[in-house]
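Keep in mind that what you see is a predicted model, and the values were worked out from it rather than measured. FYI, side chains are in, hydrogens and waters are out, and symmetry mates aren't considered; it's all heavy atoms of this structure. Throughout, a chain's letter reflects where its sequence line sits, starting with A, and its residues are numbered from 1.
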Amino acid sequence: MTFRTRFAPSPTGFLHIGGARTALFCHLYARHLGGEWLLRIEDTDQERSTPEAVAAIFAGLNWLGLHPDGEPVFQSKNQARHLAAAHQLLAMGKAYRCYCTREELESMRSEQREKKEKPRYDGRCARRVDFSGIADRPYVIRFKTPPEGKTTWEDLIQGSISFANTELDDLILVRSDGLPTYNLAVVVDDHDMGITHVIRGEDHISNTPRQIPLFQALGWSVPLYAHMPLLHGADGAKLSKRHGAVSVLNYRENGFLPEAVNNYLVRLGWSHGEQEIFTMAEMESLFDIRDVGRSAAIFNQSKLEWLNGHHIRSSRQDRLAVVLVDHLRLIGIENPDLTLVAAVVPLFQERAKTMVEMAEKARFFFVEDVRPYDMKAIEKYCKPDLLPALAHLITELATLTEWQDSFLQAAFDRTLQAHDLKMGQLAQPVRIALTGTPVSPGIHEVVLVLGQQKSLHRLQAGLAFFQESIHGVS
RNA sequence: GUCCCCAUCGUCUAGCGGCCUAGGACGCUGGCCUCUCACGCCGGUAACACGGGUUCGAUUCCCGUUGGGGACGCCA
C-alpha cells in the first residue's frame with residue numbers, strides 16, 4: 001500500500017503562508033514515507049471559487065518548489081460520485097431528507113443561543129412521519145449521525161481526541177440545489193484518491209468527528225489524521241486572508257528565496273535538535289509529522305530575514321544573478337549588463353538579507369550618475385585637507401596600466417604615504433565619490449568591478465563636487 | 001454561550017522524572033575583526049502561567065484555575 005497525503009485548498013484566494021506550510025508538511029511527510037502527495041482543488045463552492053485563485057495556488061506551490069504527484073484533482077468534477085454516495089446512504093436509511101427552511105433553522109439556532117446551548121440541528125425531519133403539504137418543497141439530504149456514544153481518533157499530532165456524538169448534529173450532505181457539500185465531498189474524494197494520511201490545519205478538527213462516521217457508514221476505511229497547529233499573526237490570532245496574511249508570491253516580490261521560506265516554515269512547530277538550517281533533502285529525510293508540536297506559532301519576520309540572508313550567502317552565484325536581474329528591473333534598471341551582474345553578486349552576497357536589499361545596494365553599479373550624493377556624509381567625511389590626497393589618488397590610478405588588486409593597493413599606499421594619511425581617512429571620500437553613499441563593499445572590490453574608466457570618471461566628478469560644496473559652505 | 005485544543009526566554013524551540021544553578025536560534029545588547037556596511041568570532045540579556053496532588057525527587061505525570069486559540073453555515 002502506498003502512503004498518500006493530499007493538500008486540499010479551496011480556490012477562493014491566493015496561497016498564503018499558512019497554506020504553504022500545510023502544503024510543505026504534506027509534501028515532506030509523503031516524501032519521508034516514500035509515498036505520494038496529491039493536490040486537490042476544493043472548488044465545490046461555485047460562488048467563491050475562481051480560476052484566478054486556482055492559478056495563484058499553482059503559482060505559489062510552483063515557486064516554493066512543491067510539486068504534487070499526479071494531476072491536480074478538481075473536486076467539482078466528482079459531483080456524480082459524491083451524489084451517488086449520498087443516495088447510497090439514503091437507501092441504507094443512514095441519511096434522510098430534510099425540508100426545514102432557512103428561516104426555521106435560523107430561529108432554532110437563535111433559541112439555542114439564548115438558552116446558552118451549542119447551536120445545532122435538532123433532527124426534527126428525521127422523526128417526521130407526515131410529509132403532507134411539504135413533499136414538493138425543496139429539501140436537503142442530511143446524514144443521520146449516530147445518536148449516542150462518541151467519536152474518537154488518535155491524531156498524529158494532537159494525540160487522542162474525542163467528541164461526544166450528541167455534540168454533532170445531522171450534517172447536510174446535499175444542498176437544496178442538489179450540490180454536494182464539503183464534508184461529503186471530502187470523504188468521498190479522500191477515499192477515492194486512496195488518501196492514507198490527512199494533514200490539515202487545526203481549524204478542521206471539528207470536521208473530523210463528522211467525517212469519520214461518514215467513512216464508517218459507507219463501509220470505507222478511515223484515514224489517519226494529523227491536525228497542524230495554526231499559524232498566528234503578531235496579535236496572536238489566526239492568520240487568514242482578511243487578517244494580515246499575504247500571498248506567498250509576495251515573499252518572492254520582497255526578495256525572499258523559496259528555500260528560506262520553506263526552511264522557516266518547517267521550523268514552526270517542528271525541530272531537529274538544535275539544527276536551524278535545512279536543505280529540502282534534509283527536511284524530507286528528517287521530517288516526521290508525529291514530531292510536530294501541538295501549540296500554535298507566531299510568525300516572526302526577523303527570523304525569516306535572518307534565514308533568508310543565510311540562504312543567500314550559501315546559494316550559487318549564477319542562480320542569485322538570475323534573481324537579481326528581476327529585482328534590478330523592479331527598481332528601474334531595465335536591461336542590466338549580465339557580466340556586471342555576475343561580478344556584483346559576490347560583493348553583496350554577505351551584505352543582503354533579501355534580494356530587494358541586494359538590488360538596492362548594488363544599484364550604483366548600474367547607473368551612469370551616482371548623484372545625488374549623501375550630503376550629510378560629505379559634510380562628515382570630506383574634509384578640505386583630504387581633497388589634495390583624493391586628487392593625488394586620481395593621478396595615481398590614471399597611470400595604472402593594469403587594473404589589478406596589487407596595483408590598486410600600491411597606488412593607494414603611495415597616496416596615503418605622500419599625505420601621511422590612514423586608509424580610514426581617505427576611504428570615505430573615495431567611497432562617496434564612487435557610490436554616492438558612505439556604505440558599500442570594500443573600495444578595492446568596487447573599483448575593480450567598476451573598471452578604470454568609470455572609477456576615474458566618478459572620482460573626478462566627486463572631487464569637483466566636494467571642492468565646490470566645501471567652498472560654497474565656507 | 002457550548003464543545004475541542006493549547007500553555008518553557010519578546011519570538012521559534014530543546015527537554016519525553018534525577019544529566020536543568022533549564023540548552024540552542026532570531027531579536028536586542030557589550031566587545032573583537034575592520035576603509036564604511038555586512039559577514040564571522042567571543043560575551044551578556046531573558047522563560048518552566050498559577051494552585052493542588054502523585055513521587056525519595058517534578059519543567060517533565062494527574063486534577064483544577066487562569067490565560068490563549070479554534071469550531072459551532074444549504075463556506076471550505
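Looking at heavy-atom distances under 4.0 Å, P441(A) makes contact with a base. Within the 4.0 angstrom heavy-atom criterion, only backbone atoms of the sugar-phosphate kind lie near G269(A); the bases stay farther away. Across all strands shown, G442(A) has heavy atoms under 4.0 Å from base atoms, whether or not it also approaches the sugar-phosphate. Counting non-hydrogen atoms under 4.0 angstrom, N207(A) reaches a base of the nucleic acid. Within 4.0 Å (heavy atoms only), F163(A) reaches sugar-phosphate atoms of the nucleic acid but no base atom. Across all strands, H227(A) comes closer than 4.0 Å to no nucleic acid atom at all (heavy-atom distances). Heavy atoms of R102(A) sit under 4.0 angstrom from at least one base atom. Residue-level contact check: S49(A) touches neither bases nor backbone, having no heavy atom under 4.0 Å from any strand. I443(A) comes within contact range of at least one nucleobase, with a heavy-atom separation under 4.0 Å. When heavy atoms are screened at a 4.0 angstrom cut-off, S176(A) is found touching base atoms of the nucleic acid. Counting non-hydrogen atoms under 4.0 angstrom, T437(A) reaches nothing in the nucleic acid.
The separation of rG70(B) from rG27(B), taken at their C1' atoms, amounts to 29 Å, rounded to a whole angstrom. As rounded to the nearest Å, rC61(B) and rU21(B) have C1' atoms that lie 24 Å from one another. Spacing between rC26(B) and rG67(B) at atom P, rounded to whole Å, works out to 35 Å. Comparing rC20(B) with rA76(B), their C1' atoms sit 46 Å apart, to the nearest whole Å. Between rC16(B) and rU60(B), the two C1' atoms lie 7 Å apart (nearest whole Å). Rounded to the nearest Å, the gap between the C1' atom of rU8(B) and that of rA58(B) is 14 Å. Between rG53(B) and rC41(B), the distance separating the two C1' atoms is 49 Å to the nearest Å. Across rC4(B) and rG64(B), the matching P atoms stand 12 Å from one another, rounded to whole Å.
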Problem - Under 4.0 Å protein heavy-atom contacts per nucleotide of nucleotides 19-26 of chain B, with B for base, S for backbone only and - for none - result: ----SBBS

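Rounded to whole Å, the distance from CZ on R200(A) to C1' on rC5(B) is 15 Å. Atoms CZ (R109(A)) and P (rA71(B)) sit 16 Å apart, rounded to a whole Å. Whole-Å rounding puts the R142(A) CZ to rG73(B) P distance at 10 Å. Nucleotide rC35(B) holds its C1' atom 14 Å from the CG atom of L390(A), rounded to whole Å. Atom CZ of R313(A) is separated from atom P of rC37(B) by 17 Å (rounded to the nearest Å). One can place CZ of R294(A) at 16 Å from C1' of rG68(B), the figure rounded to the nearest angstrom. Atom pair M358(A):CE and rC37(B):C1' shows a separation of 14 Å (rounding to whole Å applied). Atom CG in L265(A) sits roughly 11 Å away from atom P in rU13(B) (whole-Å rounding).
When both pairing distances are held under 3.5 Å, rU2(B) makes a Watson-Crick or G-U pair with rA71(B). The partner of rU59(B), taking Watson-Crick or G-U wobble pairs whose two distances both stay under 3.5 Å, does not exist in any strand shown. Using N1 to N3 plus N6-O4 or O6-N4 for Watson-Crick, or N1-O2 and O6-N3 for G-U wobble, each under 3.5 Å, rA49(B) pairs with rU65(B). Across all strands shown, rC33(B) has no partner, as no Watson-Crick or G-U wobble contact with both distances under 3.5 Å is found. Judged by Watson-Crick or G-U wobble contacts below 3.5 Å, the nucleotide rC16(B) has no partner.
Under 3.5 Å, the side chains of S76(A) and D43(A) contain a donor-acceptor pair of N or O atoms. Between the side chains of T208(A) and H227(A), a donor-acceptor pair is found at a separation under 3.5 Å. Between the side chains of H419(A) and D385(A), no donor N or O sits under 3.5 Å from an acceptor N or O. Residues T354(A) and N254(A) have side chains that never bring a donor and an acceptor to within less than 3.5 angstrom of each other.
Salt-bridge formation is not detected for the pair R102(A)/E106(A): no Lys NZ or Arg NE/NH1/NH2 atom is positioned less than 4.0 Å from an Asp or Glu carboxylate oxygen. Taking the charged nitrogens against the carboxylate oxygens, E111(A) and R109(A) have no contact shorter than 4.0 Å, which rules out a salt bridge. Contact check on E42(A) versus R200(A) returns no salt bridge, with no Lys/Arg side-chain nitrogen under 4.0 Å from an Asp/Glu carboxylate oxygen. In summary, R120(A) and E167(A) engage in a salt bridge, as defined by a charged side-chain N under 4.0 Å from a carboxylate O. Ion pairing between R137(A) and E104(A) holds under the 4.0 Å rule for side-chain N and carboxylate O. Salt bridge D374(A)/K376(A): absent, no basic N to carboxylate O contact under 4.0 Å. Here K144(A) does not pair with D170(A) in a salt bridge; the nearest charged N to carboxylate O distance is not below 4.0 Å.
If you look at H272(A) and F287(A), their ring centroids are not closer than 6.0 Å.
Between P9(A) and E167(A), the one whose closest nucleotide on RNA chain B sits nearer the 5' end is E167(A). Each of A296(A) and S160(A) was assigned the nucleotide of RNA chain B with the nearest heavy atom; the assignment lying further toward the 5' end belongs to S160(A).
When the side-chain nitrogen and oxygen atoms of T44(A) are compared with OP1 and OP2 of rA76(B), one or more of them lie within a distance under 4.0 Å. Distances shown here put every side-chain N or O of T181(A) at or beyond 4.0 Å from the OP1 or OP2 atom of rC74(B).
Donor-acceptor pairing under 3.5 Å, judged by distance alone, is absent between the side chain of S206(A) and the base of rC4(B).
If you check rC12(B), rA76(B), rA38(B) against the side chain of Q75(A), the one that comes closest is rA76(B). The side chain of R48(A) has rA76(B) as its nearest neighbour among rC5(B), rA76(B), rG70(B). Of the listed nucleotides (rA38(B), rG69(B), rA76(B)), rA76(B) has the atom at the smallest distance from the side chain of S10(A). Residue M423(A) has its side chain nearest to rC35(B) when only rC12(B), rC35(B), rG40(B) are considered. For I161(A), the side-chain atoms get nearest to rC5(B) when compared with the rest of rU13(B), rC5(B), rA38(B). For I298(A), the side-chain atoms get nearest to rC12(B) when compared with the rest of rC35(B), rU36(B), rC12(B).
With a 6.0 Å cutoff to the six-membered ring centre and a 45° limit on the axis angle, R142(A) counts as a cation-pi contact of Y121(A). Taking the ring axis of F366(A) as reference, the NZ or CZ atom of R363(A) does not stay both within 45° of it and closer than 6.0 Å to the ring centre.
RNA chain B is contacted by no residue of residues 372-384 of chain A, taking any non-hydrogen atom closer than 4.0 Å.
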